[in-house]
Amino acid sequence: MNSTAFTPPTCHRPRVAVIGAGRVGSTLAQRIIEKNLADVVLLDVVEGWPQGIALDLMEARGVERHDRAIVGTNDYADTANADVVVVTAGRPRRPGMNRDDLIVTNAQIVAGATEQAIARSPNAIVLVVTNPLDVMTYVAWEKSGLPARRVVGMAGVLDAARFKTFISMELGVSIREIDAMVLGDHGQLMVPLPRYCTVNGIPLTELMDDRAIDRLVERTRHGGTEIVELMKTASAYFAPASAACAMVEAILRDESRILPGAAYLEGEYGLNDLFLGVPCQLGCRGVEKIVELQLDSAEREAFEASAKSVAARIHKAKELLSDKI
Ligand SMILES: NC(=O)c1ccc[n+]([C@@H]2O[C@H](COP(=O)([O-])OP(=O)(O)OC[C@H]3O[C@@H](n4cnc5c(N)ncnc54)[C@H](O)[C@@H]3O)[C@@H](O)[C@H]2O)c1
Ligand SMILES: O=C(O)C[C@H](O)C(=O)O
């Protein structure tokens with residue numbers, strides 16, 4: 001018998017830890033495995049819940065026919081060696097609430113979750129979903145101790161998806177033709193940019209009058225609230241999970257896609273020490289580059305107002321939570 005030693009190739013199965021097995025977390029886990037992107041570890045504080053979701057999704061493989069594994073757990077040890085940690089743990093808002101009403105509760109949850117997850121996956125990229133998004137991304141970054149480029153928040157992909165949807169519905173054209181960009185915070189001061197929006201290369205401004213564009217911009221700004229008011233006991237989760245999944249995919253596959261994400265600014269756009277929605281080049285190292293768009297004076301003013309509001313909320317959160325996180 002030939003005794004030549006055989007060294008099996010080392011293989012790496014991409015692995016994503018999703019912290020929070022609620023609506024967004026479980027839907028995101030489903031998207032990740034059914035798109036064959038990675039194995040998933042789904043963690044929640046509620047005993048049995050993530051285990052049940054994971055078993056249900058494993059059983060769906062008998063129909064979906066993919067080979068990605070999903071494990072549900074309450075123990076951070078099981079999340080070890082993740083390539084991406086997605087933080088969805090925390091409360092969603094109810095009708096009448098502002099995302100900022102969640103700051104105190106969710107900052108404590110996000111701080112604890114990030115710290116525990118990164119202790120087991122020190123090489124991961126962290127993607128934050130919990131609201132209020134821009135402030136929570138800052139909290140996660142501080143707690144993670146990671147370089148800022150390895151922490152990014154999901155909101156702009158969702159906000160741009162909503163803007164694209166409303167444009168597609170208004171014009172009656174396929175959503176595949178539409179590109180849109182939304183900057184700034186994930187709140188009332190977000191900055192949808194009609195000037196950077198195209199329909200198969202045609203500027204939106206040539207296809208719609210200002211009044212129609214303003215109407216769709218306003219609907220985009222209130223897209224989350226519109227859904228909370230309809231659903232009453234929950235906030236949106238299908239489109240948020242799709243948006244987070246697109247960012248996870250860009251990272252895992254090192255796609256260098258340019259997607260809007262909440263990134264740490266160190267002089268870009270003349271701003272410092274905050275996470276804010278900007279076009280990010282996303283790849284396996286996280287935010288590889290921040291693209292600085294040429295904004296006109298109205299866009300610049302709106303973007304700066306958004307930045308000012310996020311900086312103030314980060315400052316307030318730090319004061320409120322200095323002894324808690
Ligand atoms: N960035 C965005 O665009 C965006 C979009 C949608 C939702 N969100 C936010 O995402 C968060 C989750 O939304 P959802 O609809 O999934 O809510 P949900 O209530 O369905 O799920 C939240 C889950 O977090 C779990 N949880 C709470 N504390 C935890 C902890 N310490 N560790 C681990 N898990 C914990 C809960 O048990 C629950 O299962 C909310 O803050 C919501 O506002 C953000
Ligand atoms: O609106 C919310 O509270 C959830 C999320 O931020 C959204 O925009 O759908």
Side-chain angles (χ1 to χ4, degrees), residues 17-30 41-54 72-76 78-79 85-117 127-137 139-140 143 152-163 165 182 184-188 190 192 219-247 259-262 275 277 324-325:
V18 177
I19 313 300
R23 293 175 185 84
V24 177
S26 58
T27 312
L28 171 63
Q30 179 185 14
V41 182
L42 185 60
L43 182 143
D44 203 282
V45 278
V46 180
E47 282 181 24
W49 181 259
Q51 291 86 346
I53 302 255
T73 186
N74 309 112
D75 183 352
Y76 277 91
D78 296 326
T79 68
V85 168
V86 189
V87 182
T88 75
R91 291 240 180 99
R93 62 181 167 143
R94 295 284 169 100
M97 286 174 80
N98 187 296
R99 293 182 186 89
D100 282 347
D101 297 335
L102 305 166
I103 283 189
V104 174
T105 310
N106 284 355
Q108 294 175 74
I109 294 173
V110 167
T114 310
E115 197 166 31
Q116 295 190 74
L127 176 62
V128 181
V129 176
T130 308
N131 272 319
L133 190 273
D134 309 275
V135 181
M136 291 307 116
T137 310
V139 168
K143 275 290 153 182
V152 63
M154 186 290 289
V157 177
L158 170 65
D159 298 328
R162 287 180 173 148
F163 195 23
T165 302
V182 177
D185 72 309
H186 183 51
Q188 311 300 327
M190 79 176 65
R219 190 169 179 194
T220 302
R221 284 205 180 106
H222 297 97
T225 307
E226 187 177 358
I227 290 183
V228 171
E229 280 170 1
L230 286 166
M231 292 174 73
K232 299 197 170 52
T233 55
S235 56
Y237 56 103
F238 290 113
S242 292
C245 189
M247 295 178 83
L259 296 171
F275 278 83
K324 295 198 181 79
I325 58 175

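In each ligand, atom 1 is the first atom listed, and ligand 1 is the first ligand listed.
Ranking the protein heavy atoms by distance from atom 32 (N) of ligand 1 puts Val45 CG1, 3.6 Å first. Here the protein heavy atom with the shortest distance to atom 34 (N) of ligand 1 is Ala89 CB, 3.4 Å. Protein heavy atom at the shortest distance from atom 43 (O) of ligand 1 is Asn131 ND2, 2.9 Å. The nearest heavy-atom contact from the protein to atom 24 (O) of ligand 1 is Gly90 N, 3.4 Å. The nearest protein atom to atom 25 (C) of ligand 1, hydrogens excluded, is given as Asp44 OD2, 3.2 Å; this is a heavy-atom distance. For atom 4 (C) of ligand 1, the nearest protein heavy atom (residue, atom name, distance) is Val129 O, 3.6 Å. Protein heavy atom at the shortest distance from atom 41 (O) of ligand 1 is Arg91 O, 2.7 Å. For atom 17 (O) of ligand 1, the nearest protein heavy atom (residue, atom name, distance) is Pro92 CG, 3.5 Å.
When atom types are taken as modelled, the side chain of Gln108 and the backbone of Val104 share a donor-acceptor pair closer than 3.5 angstrom. Between the side chain of Lys232 and the backbone N or O of Glu229, at least one donor-acceptor pair lies under 3.5 Å. Judged purely by atom type and a 3.5 angstrom limit, Asp78 has no side-chain atom pairing as donor or acceptor with the backbone of Gly72. Judged by distance alone, the side chain of Asp159 and the main-chain N or O of Arg221 form no donor-acceptor pair under 3.5 Å. In this structure a side-chain-to-backbone donor-acceptor pair under 3.5 Å is missing from Thr88 to Val129. Remark: side-chain polar atoms of Asn74 are paired, donor with acceptor, to backbone N or O of Asp44 under 3.5 angstrom. A side-chain donor-acceptor contact under 3.5 Å links Thr79 to the backbone of Tyr76.
Expressed to the nearest 0.5 Å, how far CG of Leu127 lies from CE of Met247 amounts to 5.5 Å. Residue Leu102 holds its CG atom at 8.5 Å from CZ of Arg91, rounded to the nearest 0.5 Å. Note that OG1 of Thr27 and OH of Tyr237 are 6.0 Å apart. Values are rounded to the nearest 0.5 Å. Here the CE atom belonging to Met154 is positioned 6.5 Å from the CG atom belonging to Leu133, to the nearest 0.5 angstrom. Note: Met231 CE to Arg23 CZ = 6.5 Å, rounded to the nearest 0.5 Å.
Ligand-side atoms of ligand 1 in range of Val24: 6 (C), 7 (C), 13 (O), 14 (P), 15 (O), 16 (O), range being under 4.0 angstrom from any heavy atom. Each of the following atoms of ligand 2 lies closer than 4.0 Å to a heavy atom of Gly224: 1 (O), 7 (C), 8 (O), 9 (O). In summary, the atoms of ligand 1 found under 4.0 Å from a heavy atom of Thr88, numbered by their order in the structure, are 11 (C), 12 (C). Remark: ligand 2 atoms within the under-4.0 Å shell around heavy atoms of Arg93 are 1 (O), 2 (C), 3 (O). Heavy-atom contacts of Ala236 reach the following atoms of ligand 2: 9 (O) (cutoff under 4.0 Å). Per-residue contacts place Ala236 under 4.0 angstrom from the following atoms of ligand 1 (heavy atoms of the residue considered): 6 (C). Close approach to Asn106 involves these atoms of ligand 1, each under 4.0 Å from a residue heavy atom: 41 (O). Distances below 4.0 Å separate heavy atoms of Leu158 from the following atoms of ligand 1: 3 (O). Those atoms of ligand 1 with a heavy atom of Pro240 less than 4.0 angstrom away are 5 (C), 6 (C). Which parts of ligand 2 touch His186 is read off a 4.0 Å heavy-atom cut-off, strictly below it: atoms 5 (C), 6 (O), 7 (C), 8 (O).
Residue contacts with ligand 1: Ala113 is excluded, as none of its non-hydrogen atoms falls under 4.0 Å. Ligand 2 lies within reach of Arg162, whose nearest heavy atom is under 4.0 Å from it.
Residue-to-ligand polar distances place His186 within reach of ligand 1: an N/O pair is separated by less than 3.5 Å. Residue Met154 has at least one nitrogen or oxygen atom sitting less than 3.5 Å from a nitrogen or oxygen atom of ligand 1, judged on distance alone. On a distance-only criterion, Trp49 and ligand 1 share no N/O pair closer than 3.5 Å. In terms of N/O distances under 3.5 Å, ligand 1 is approached by Arg23. Polar contact with ligand 1: absent for Thr130 (N/O pair, distance under 3.5 Å). In terms of N/O distances under 3.5 Å, ligand 1 is not approached by Val46.
Nearest heavy-atom pair, Ala21 versus Leu42, reported as atom, atom and distance to 0.1 Å: CB-CG, 3.6 Å.
Checking Asn131, Asp159, Asp101, Val24 against atom 5 (C) of ligand 2, the nearest heavy atom belongs to Asn131.
Side-chain contact check for Val87 versus Thr114: some heavy-atom pair is nearer than 4.5 Å.
Checking each of Pro240, Ser242, Cys245 against Leu28 for a side-chain contact (heavy atoms from CB on, under 4.5 Å) leaves exactly one that passes, namely Cys245. Only one option out of Asp100, Asn98, Asn131, Thr225 pairs with Arg93 in a side-chain hydrogen bond (donor to acceptor under 3.5 Å, both in side chains); it is Thr225.
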